[in-house]
There are 2 protein chains.
Amino acid sequence: MNQEHNNQTDPTRERLLDEAERLFADKGYDAVSLREITTAADTHLAAVNYHFGSKENLYLEVFRTRCVERARRIHQPLKELDKRESFTPEELVRTLAKAFLSGPLTDEERKRHSQLLAREMHRQSKAFNILSQEAMKPFTEHAIRMWQRCLPHPVEPERLKLIMLSIFSQVLYFNFARPVVTLTMEREYDQEFVEQIVEHITQFALCGLNGDKGK
Amino acid sequence: MNQEHNNQTDPTRERLLDEAERLFADKGYDAVSLREITTAADTHLAAVNYHFGSKENLYLEVFRTRCVERARRIHQPLKELDKRESFTPEELVRTLAKAFLSGPLTDEERKRHSQLLAREMHRQSKAFNILSQEAMKPFTEHAIRMWQRCLPHPVEPERLKLIMLSIFSQVLYFNFARPVVTLTMEREYDQEFVEQIVEHITQFALCGLNGDKGK
DNA sequence: GTCTATAGCAGGATAGAC
DNA sequence: GTCTATCCTGCTATAGAC
C-alpha cells in the first residue's frame, strides 16, 4: 500500500492504459479488441477484468487519467501567462494556439489526444462528459476570463465564446486531419510548418477579435 | 435493364445504402453490424453480399454515391456565384460558410455528411481517397480560383489554402461537435443561431484575408 | 434470383486450476 | 492473486434449398 501496489503505480495497469490509449486513439473503441491490447501490453486477457472490470471501464479510465492529465498540461502555459502582471490579446491568442500545436505535449501525445477528443466530440457519452467537465469547460472559462482582463474595450462573452470555439476547431483540425492538410498544402508537418500554422491561427483569431470595427 | 433492374435504381439496394449511411454515420464502421443494417432496411443478410459483395464494399459505396453526390450539391452555390459577372470576397466567404451550414442539404443530411467526413478525415483509407479526390480537392481548387478572381490585390496561394482549411475546420466543427458548441454557448441550434455562426465565420475569414495589413 | 440456414471465426467475459 | 482454458454470444460470409 505504501509504494507499488496501489492503483496509481501498478506497472501492468500502467502498461495496459498505455497500449489501450494508443490503440483506441488509432482505431476507435470498437475496432480494438482486448486481446490486441493485452498482447501489446505483454499480459493476459484476464488482467483487464482484474484491473478495470470491463472494456468500457478501461476506455473510460484512459480518459479519466491520461486525457485529463494531458489537458492539464495544455492548460499550463495559459496559467503561466495569467500569473504575469499584464499581457496583450496577441500573446493570449498565440499562447492558446501554441499550447495545442507545439506546446507541452510531444507530437505523439498531441496526435493521440486530438484523435481521442475528436472521436468523442460528437456523441454524448460518459467519456465526453469526463472531457467536457474536467478539461474543456474549465479551460474555456479561464481563457475567457483572461480575455476580459486584457482587452482594451469590453467584448460580450458570447462573441468570445464563438472565437474560442473557432480557435479550438482549427487547432483540433490541424492536429487531427493531417492527411487533409498535407494533401491541400502539399507539405509535410515539420517545425517550420507548425510555426506557420500557429502564426496563421493567431492572426486569424486576432482579426476576428477586432474585426467588426471595419464593418 | 430499361427501367428498374440496373444498379442505380434497385429499391432494396437504395434502402440498404440509406440505412447503412445513417448507421455508419451515427456509430462508425465497426460498431455497426450487417444484421442491424439489413433489419433496418427490411431485408435479409444475404442481400448485402448480393448487392455489394461485402461490408467494406457497402461502406465504400456509401461514399462513392451518397457522399460524393452531397458534396456536389454543396459545391453548387459556389458554381452559381462563379457564373456571375463579378462578386466580392465577402460574398464568396459567406457562400462558402452557408453552403456547409445552412445550404442545400437538410439538417439531417448535414449531420450525416459531417460525421462521415470527420470519421474518415484522419486515416488514409479508400473512403478518404474517394472523398479527397472526388470532393475536397476539386472544391478547394475551385474556391481558390474564385478568390484569385475577386481579390483586388494578389494573395499567394499558400495563404488562400490555409484560409480554406480554417473555414473548413470551422464549418465541420460547428456541424460535427454540436454537443460541445451547445454546451459552451448554452444554446440549441436553431435558424437564428446558425445564421449567427455563418456570420461569425464569414467575418472571421474576411479579416483573416485582409488581416496582415494591420501588422 | 431470393432468402434461409449454417459454417467458421473472433469477440468479451469468467470459472477455476495453480 | 495470476493466468489458462473455456463459455457463449454475435459477427461476416456463403452454400444450397426453393
Side-chain angles (χ1 to χ4, degrees), chain A residues 1-64 116 119-120 123 125-127, chain B residues 1-64 119 123 125-127:
Chain A
M1 189 71 80
N2 55 352
Q3 48 170 9
E4 287 253 325
H5 282 106
N6 68 57
N7 277 345
Q8 294 299 328
T9 52
D10 184 304
T12 302
R13 197 187 132 95
E14 292 304 302
R15 260 183 294 124
L16 275 172
L17 279 171
D18 281 342
E19 297 302 324
E21 185 191 6
R22 189 176 58 81
L23 288 163
F24 283 142
D26 222 42
K27 306 183 171 190
Y29 182 82
D30 297 285
V32 180
S33 71
L34 289 183
R35 282 173 171 80
E36 212 174 341
I37 295 171
T38 50
T39 303
D42 200 30
T43 179
H44 51 89
L45 201 50
V48 169
N49 241 271
Y50 175 69
H51 284 292
F52 304 97
S54 69
K55 183 184 182 184
E56 162 99 18
N57 230 300
L58 166 59
Y59 185 67
L60 290 178
E61 199 60 21
V62 167
F63 283 85
R64 279 194 210 99
L116 287 170
R119 281 187 198 289
E120 289 303 319
R123 57 175 196 147
S125 65
K126 284 179 195 169
Chain B
M1 191 68 80
N2 56 351
Q3 48 168 9
E4 288 253 325
H5 282 106
N6 68 57
N7 276 346
Q8 295 298 329
T9 52
D10 184 303
T12 301
R13 196 188 133 97
E14 292 303 303
R15 259 182 296 125
L16 276 172
L17 279 170
D18 281 342
E19 296 303 322
E21 185 193 6
R22 188 175 59 81
L23 289 163
F24 283 142
D26 222 42
K27 308 183 171 190
Y29 182 82
D30 297 284
V32 179
S33 71
L34 290 182
R35 280 173 172 79
E36 216 174 338
I37 296 171
T38 50
T39 303
D42 201 31
T43 179
H44 51 90
L45 203 50
V48 168
N49 240 270
Y50 174 70
H51 284 292
F52 304 98
S54 69
K55 184 184 181 182
E56 163 99 18
N57 229 301
L58 166 59
Y59 186 67
L60 290 178
E61 199 61 21
V62 167
F63 282 85
R64 280 194 210 99
R119 281 189 199 287
R123 56 175 198 149
S125 65
K126 284 179 194 167

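Residue numbers begin at 1 in each chain, while the letters A, B, ... track the order of the sequences.
A side-chain donor-acceptor contact under 3.5 Å links B:R119 to the backbone of B:D26.
DNA chain D is contacted by both A:A46 and B:L45; A:A46 maps to the nucleotide lying nearer its 5′ end (nearest heavy atom per residue).
Put simply, CG on B:N49 is 17 Å from P on C:dG1, counting in whole angstrom units. The CG atom of B:L58 sits 10 Å away from the P atom of D:dA13 (whole-angstrom rounding). Here D:dC11 presents its P atom at 13 Å from OH of B:Y29, a figure rounded to the nearest Å. To the nearest angstrom, P of D:dC3 lies 11 Å from CG of A:L16. Taking atom NE2 of A:H44 as the reference point, atom C1' of D:dT6 lies 16 Å away to the nearest angstrom. Taking atom CG on B:D30 and atom P on C:dA10, their separation rounds to 15 Å, with Å as the unit. Whole-Å rounding puts the A:I37 CD1 to C:dA13 P distance at 11 Å.
With rounding to the nearest 0.5 angstrom, the CG atom of B:L16 is 5.5 Å from the CZ atom of B:F52.
Side-chain nitrogen and oxygen atoms of B:S33 include at least one within less than 4.0 Å of the OP1 or OP2 phosphate oxygen of D:dC11. Checking the phosphate oxygens (OP1, OP2) of C:dT2, a side-chain nitrogen or oxygen of B:Y50 falls inside 4.0 Å.
Proximity note for B:L34 (side chain, C-beta onward) versus D:dA13, C:dT4, C:dG12: the nearest is D:dA13. Here the nucleotide nearest the side chain of A:S54, chosen from D:dT4, C:dG11, C:dA13, is C:dA13. In the set C:dT14, C:dA13, D:dT2, the nucleotide with an atom closest to the side chain of A:R35 is C:dA13.
Counting only N and O atoms by type, the side chains of A:E120 and A:Y59 include a donor and acceptor under 3.5 Å apart.
By the 6.0 Å and 45° rule, A:K55 stacks over the aromatic ring of A:Y29.
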